[in-house]
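What you see below is based on every heavy atom in this structure, not just the backbone, and it leaves out hydrogens, waters and symmetry mates. Proteins come first, then strands; the chains are lettered A, B, ... in the order of their sequence lines, and each starts at number 1.
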Amino acid sequence: MALQLYDTASRSVREFTPVRPGAASIYVCGPTPQGPPHIGHVRSALNYDVLARWLEHNGLHVTLVRNVTDIDDKILVKAAAEGRPWWEHSARYEREFESAYAALGCRPAAISPRATGHVTQMIELMQRLIDKGHAYAAEGDVYFDVRSFDAYGSLSGQQLEEVQQGESAAAGKRDHRDFTLWKCAKPGEPSWPTPWGAGRPGWHLECSVMASTYLGAEFDIHGGGLDLVFPHHENELAQSRAAGDPFARLWMHNGLVGMAGEKMSKSLGNVVSIPAMLRKVRAAELRYYLIQPHYRSFIEYSDEALHEAAQGYRRIEEFLRRTAARGEVTPGELPREFVDAMNDDLATPKAFAVIHNVVREGNAALDAGDDDKARQAAAAVRGMTGVLGIDPLSELWAGTGADDKARQALAALVEAVLEDRARARAVKDYATADRLRDRLLQAGILVKDTPDGPQWTVADGR
RNA sequence: GGUGGAGUGGCCGAGAGGAUAGGCAGCGGCCUGCAAAGCCGUCUACACGGGUUCGAGUCCCGUCUCCACCUCCA
């Protein structure tokens, strides 16, 4: 079965067929870095990271572009309030987004272009739209004429007549639903020269321009959060199509993350920061939590659910560690059911069920002493978790490598204590054995006896 | 007012006309010096009211509740 994806525009699941055979081009709406990222932003990035990994696993050369809208009203307002330049403000939070993505194993995009670096292309697009009668300049602003484009509303299913008052009414607008392509410069605000006067980009224009600059006039997938369908993506689509570009073939929208019945958002202030999350669970566990539910479903954040996810991850991790203790485990082939699940609109919940089934079979094999079967299961688990970016034995999550001198020293000390304990246990001196184990525990070292001898980990206290 | 989506067992979360999802937690058992892990077994479901059908979480109609978007948002 080939990959099927849900397409917002056609409201149906469609087979993915790339514009250019062997390659996949994806444009994802990234952040407007006006403040620190929260888990909703990261969820979005993670969903497309999983998509990209899956496409690559299927042999496609993936080009993923995630933009940064580095100028907008709020950035200007907040920067001014802090008495800092707008570009410093957005650059600072852009770095926070990038590091949050990286912390969760989200691989970098092919490029993360900034809106302000593409003003030349914006001017070109506006000129094309004006030439075709789809846009007009008025009092220094440039607007898109929504009534000139019949398909306006097709992506989101909005009927033009029913759309309520959009952006704040402006003097030069012909119709209150027309949206702003370019904003006239105001005193003290940054601006760039254009044939229609100095100003700065409106929202929407930057994405049309950056998508076509890097991916071409027609590309495979445009993604973003569900809250961007209208008006942002509707407007992008209108601009690009009206200008004559075929634009995205398929539109994907990820579900949002909520708290206490409301969506998490900067404006509501009910956000959970990434560093705060990473004090509760490890990065791989947070990633597991965010990608296990289907990407289109709404996640109602809760500590309990987060910890359950962490438990689930640890179960997989335990199994792999246990098996690896008996011999090297390398990533192997993916079970058919896993492949089918992923091809079915990235059905990660089913994919996770497959992983856990194989883990259980592998654990049973270990208990039965069937190491070959266990190793096979572990190989499959590494393969599956690898594609999802949560392989506990991967370099990314396995912890510091053997090159870490402090860790080596720690290992030597712990092993020495464990040897003493083993001697005590051998003569059934359990009082001494337990005292040694408790001493390690006090130092943060958790010891577990397994059929393969004692295993120790640095307890994370979670 | 318009548009889209959701209500599943203690919790999370799939599925979809005749079903062992999976995880976490609970209970019983095995294993274990203890602990942990693991294995086996097991209890709580499908918002409500009608209807279609031999048979409905699954289809149809109605009701209720919740969420998102139409203002910045991933």
What about Asp449(A), does its side chain sit under 3.5 Å from the base of C34(B) through a donor-acceptor pair? yes
Rounding to an integer number of angstrom, what distance separates U65(B) and U53(B) when you compare their P atoms? 32 Å
Nearest to the side chain of Asn254(A), which nucleotide is it out of A74(B), C12(B), C34(B)? A74(B)
Can you tell me if the side-chain N/O atoms of His41(A) get under 4.0 Å from OP1 or OP2 in A74(B)? yes
Looking at His356(A) and Phe352(A), would you say the former's side chain and the latter's main chain have a donor-acceptor pair under 3.5 Å? yes
Under 4.0 Å between any heavy atoms, over every strand shown, what does Thr8(A) touch: base, sugar-phosphate, or nothing? Just pick one. nothing
Distance, P atom - from C69(B) to C61(B), rounded to whole angstrom: 28 Å
Given C72(B), G22(B), C24(B), the nucleotide with the shortest approach to the side chain of Glu308(A): C24(B)
Nearest-Å distance once atom P is located in both C12(B) and C60(B): 27 Å
C1'-based separation of G2(B) from A45(B) [nearest Å]: 35 Å
Is Thr348(A) near enough to A14(B) that one of its side-chain N or O atoms lies under 4.0 angstrom from OP1 or OP2? no
Any base atoms under 4.0 Å from Arg296(A), or only sugar-phosphate, or nothing? Heavy atoms, all strands. nothing
Which part of the nucleic acid, if any, lies within contact of Gly30(A), taking any heavy atom under 4.0 Å across all strands shown: a base, the sugar-phosphate backbone alone, or nothing? sugar-phosphate
Does the separation of the ring centres of His134(A) and Tyr152(A) fall below 6.0 angstrom? no
Using the C1' atom in both, what is the distance from A56(B) to A47(B), to the nearest Å? 16 Å
At under 4.0 Å between heavy atoms, what does Arg421(A) touch on the DNA or RNA strands: base, sugar-phosphate, or nothing? base
Ranking C34(B), A21(B), G13(B) by distance to the side chain of Ala353(A), first place goes to A21(B)
G1(B) base to Glu162(A) side chain: any donor-acceptor pair below 3.5 Å? no
For a quick check under 3.5 Å, do Ser208(A) and Gln239(A) share a side-chain donor-acceptor pair by atom type? yes
Give none if A47(B) has no partner; otherwise give the nucleotide forming a Watson-Crick or G-U wobble pair with it, both distances under 3.5 Å. U63(B)
Does the ring of Tyr6(A) carry Arg296(A) above it, NZ/CZ under 6.0 angstrom from centre and within 45° of its axis? yes
Using a cut-off of less than 4.0 Å, is there contact between a side-chain N or O of Gln159(A) and OP1 or OP2 of U3(B)? yes
Return whichever of Tyr288(A) or His294(A) has its heavy-atom-nearest nucleotide of RNA chain B closer to the 5' end. His294(A)
Assign each of Val229(A) and Phe352(A) the nucleotide of RNA chain B bearing its closest heavy atom; nearer the 5' end lies the nucleotide of Phe352(A)
Base orientation of G57(B), syn vs anti, 90° cut from 0: syn
Nearest-angstrom distance, P atom, C54(B) to G22(B): 33 Å
Considering only the P atoms, how many Å lie between A37(B) and G23(B), rounded to the nearest integer? 15 Å
Can you tell me if Arg421(A) uses its side chain to pair, donor with acceptor, with the backbone of Arg437(A) under 3.5 Å? no
Is there a side-chain polar atom (N or O) of Arg315(A) under 4.0 Å from OP1 or OP2 of C39(B)? yes
Does a nitrogen or oxygen in the side chain of Asn363(A) sit under 4.0 Å from OP1 or OP2 of C39(B)? yes
For the side chain of Lys448(A), counting heavy atoms from C-beta on, which of A14(B), A74(B), A36(B) is nearest? A36(B)
